[in-house]
Number of protein chains: 2
Amino acid sequence: MSGEDNLLKLVEVEAPDDQDYLLQDQVGFILRKAHQRHVSIFASHIGDLTPPQFAALAKLRDVGETSQNQLGTLIAMDAATVKGVIDRLKARGLVELSKHEVDKRRLLVDLTTEGRDAIDRLIPLAREITRETLAPLSAKEIATFTRLLAKLA
Amino acid sequence: MSGEDNLLKLVEVEAPDDQDYLLQDQVGFILRKAHQRHVSIFASHIGDLTPPQFAALAKLRDVGETSQNQLGTLIAMDAATVKGVIDRLKARGLVELSKHEVDKRRLLVDLTTEGRDAIDRLIPLAREITRETLAPLSAKEIATFTRLLAKLA
DNA sequence: GGAAATTCATTCGTATGCAAATGATATCAA
DNA sequence: TTGATATCATTTGCATACGAATGAATTTCC
């Protein structure tokens with residue numbers, strides 16, 4: 001290798017390196033991984049319901065009968081997604097559907113007795129899921145993290 | 001309303017209320033929403049590539065040719081998911097596949113020239129996506145949040 | 001050397017997640 | 001009142017995401 005070649009190589013190696021984009025440091029990538037980890041913890045405690053299905057039941061428990069669309073808004077799901085979730089909960093007898101008497105566009109959703117029993121039973125497990133998800137953090141860190149995460153969401 | 005009724009109502013209102021499970025305060029629910037917001041910001045800047053597709057290209061840029069499975073490990077995707085992502089990138093001519101000469105099980109993936117050009121062009125947009133995702137936080141909050149999020153992921 | 005265990009990749013089935021198009025109904029406004 | 005607009009729900013198409021099953025190739029270990 002000639003002297004000129006060595007010089008050239010040094011220049012290349014020390015170039016500003018626009019490559020300093022590290023995927024593993026980007027917030028979007030880490031958010032995706034943190035979300036994956038949570039879903040995995042969820043599944044290990046509640047195997048027969050997905051987080052979106054649980055969210056639908058938990059929110060219905062809070063607000064009672066609502067329209068499908070309104071429920072979607074409350075649990076951050078678009079109309080197409082919430083339909084699938086509700087369809088599967090209905091197929092399992094956990095929610096029931098009825099038509100709105102006045103506004104014929106609306107499809108009302110409510111918990112069945114089985115649905116209410118199920119969500120009441122699952123709430124303690126859900127608390128444990130939250131606890132385990134946050135286990136890597138101290139109490140003070142949990143407070144900080146939750147506050148900042150909420151600002152992003 | 002009788003005095004007994006008032007008494008009864010007070011008792012109910014002050015009951016321990018195991019209902020104090022608020023979906024919107026649970027870390028899993030907020031994580032899901034924060035992730036949704038990020039994906040939406042991503043799509044507004046990079047419309048013709050999804051975050052997983054971008055992740056695959058960005059990681060290939062870092063590490064060069066690897067096996068499909070190894071790439072999946074690096075970007076936190078299981079084998080079934082990474083296959084679909086790579087298939088779509090291949091169909092668009094951004095990556096190319098070849099068989100490993102020695103280990104016949106392995107399918108090697110690498111960027112094409114077009115793929116390298118594309119990812120080099122997109123990196124600046126990705127920086128902006130990260131910036132916009134974190135925009136609700138101050139510089140100090142960003143440092144704290146990123147550190148804690150990484151502990152969870 | 002050869003059986004057992006492991007790894008790599010593929011396929012199938014199910015469940016989000018969202019954009020876009022469609023149809024039915026309701027509301028608003030000229 | 002009626003025509004434009006908005007809302008509610010559904011459907012289709014595409015893209016993750018992952019468990020489970022399968023088959024091929026490799027590695028381990030006796």
Side-chain angles (χ1 to χ4, degrees), chain A residues 28-29 31-44 46-57 65-92 94 97-109, chain B residues 28-29 31-44 46-57 65-92 94 97-109:
Chain A
F29 183 72
L31 264 179
R32 177 170 148 273
K33 289 211 299 177
H35 181 248
Q36 280 177 358
R37 173 169 168 273
H38 171 260
V39 171
S40 167
I41 291 172
F42 188 100
S44 74
I46 301 181
D48 64 343
L49 224 53
T50 65
Q53 290 167 1
F54 176 87
L57 296 183
E65 190 179 54
T66 7
S67 75
Q68 206 176 250
N69 257 18
Q70 175 61 16
L71 179 61
T73 300
L74 294 172
I75 58 180
M77 270 177 231
D78 70 14
T81 301
V82 81
K83 185 189 187 315
V85 172
I86 293 302
D87 279 354
R88 285 180 283 276
L89 291 175
K90 173 171 153 45
R92 294 175 54 176
L94 299 177
L97 304 179
S98 58
K99 290 179 182 171
H100 191 287
E101 284 303 315
V102 177
D103 187 339
K104 295 179 188 169
R105 295 169 306 178
R106 294 192 196 163
L107 188 61
L108 297 175
V109 192
Chain B
F29 184 73
L31 264 180
R32 178 169 147 271
K33 289 211 298 176
H35 181 247
Q36 279 177 358
R37 173 170 168 273
H38 171 260
V39 171
S40 168
I41 291 171
F42 188 100
S44 74
I46 300 181
D48 64 342
L49 225 51
T50 64
Q53 290 167 2
F54 175 87
L57 296 183
E65 189 180 55
T66 8
S67 74
Q68 204 175 252
N69 256 21
Q70 175 62 16
L71 180 61
T73 300
L74 293 172
I75 58 180
M77 270 177 232
D78 69 13
T81 301
V82 81
K83 184 190 188 316
V85 172
I86 294 302
D87 279 354
R88 285 179 283 277
L89 291 175
K90 173 172 154 45
R92 295 174 55 177
L94 300 177
L97 304 180
S98 58
K99 289 178 183 170
H100 192 288
E101 283 304 314
V102 177
D103 188 339
K104 295 180 186 168
R105 294 171 307 178
R106 293 191 197 163
L107 188 61
L108 297 176
V109 193

(request) Give a yes/no answer on whether the side chain of B:Q68 brings an N or O atom under 4.0 Å of OP1 or OP2 in C:dT10. (result)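 Affirmative; the distance criterion is met.
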(request) Using only side-chain N and O atoms of A:T50, determine if any of them is under 4.0 Å from OP1 or OP2 of C:dT16. (result)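 A:T50 to C:dT16 OP1/OP2: side-chain N or O found under 4.0 Å.
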(request) Describe the nucleic acid contact of A:T81 in one word from base, sugar-phosphate, nothing, applying a heavy-atom distance below 4.0 Å. (result)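 Touches a base.
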(message) Base, sugar-phosphate or nothing for B:V39? Non-hydrogen atoms, less than 4.0 Å.
(response)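 No contact.
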(message) Taking side-chain contact (heavy atoms from CB on, under 4.5 Å) as the criterion, tell me which of A:H100, A:Q70, A:E101 meets it with A:L108.
(response)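 So, applying the side-chain contact (heavy atoms from CB on, under 4.5 Å) to A:L108 and each of A:H100, A:Q70, A:E101, only A:H100 qualifies.
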Strictly under 3.5 Å: I want the nitrogen or oxygen pairs between protein and nucleotides 19-21 of chain C, one per line.
none

(request) Taking heavy atoms of chain B and a 4.0 Å limit, find me the 5'-most and 3'-most nucleotide of DNA chain D within that range. (result)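 Span of nucleotides near chain B: D:dA15 to D:dT26.
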(request) Measure from NZ on A:K83 to C1' on C:dA15 and round the result to the nearest Å. (result)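 Answer to the nearest Å: 14 Å.
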(request) Return the nearest nucleotide to the side chain of B:R106; candidates are C:dG17, C:dC8, C:dA15. (result)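 Nearest to the side chain of B:R106 among the choices is C:dC8.
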Show me the donor-acceptor pairs within less than 3.5 Å that the side chains of residues 47-57 of chain B make with the rest of the protein, sequence neighbours left out.
residue, atom, partner, partner atom, Å
B:T50, OG1, B:Q53, N, 3.2
B:Q53, OE1, B:T50, N, 3.1

(request) Starting from the 5' end of DNA chain C, give me the residue, A:K104 or B:S67, whose nearest nucleotide shows up first. (result)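 In this pair, the answer is B:S67.
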(message) Just so I know, are the side chains of A:Q68 and A:K83 near enough to count as touching, which here means a heavy-atom distance under 4.5 Å?
(response)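 Yes - at least one pair of side-chain heavy atoms lies under 4.5 Å apart.
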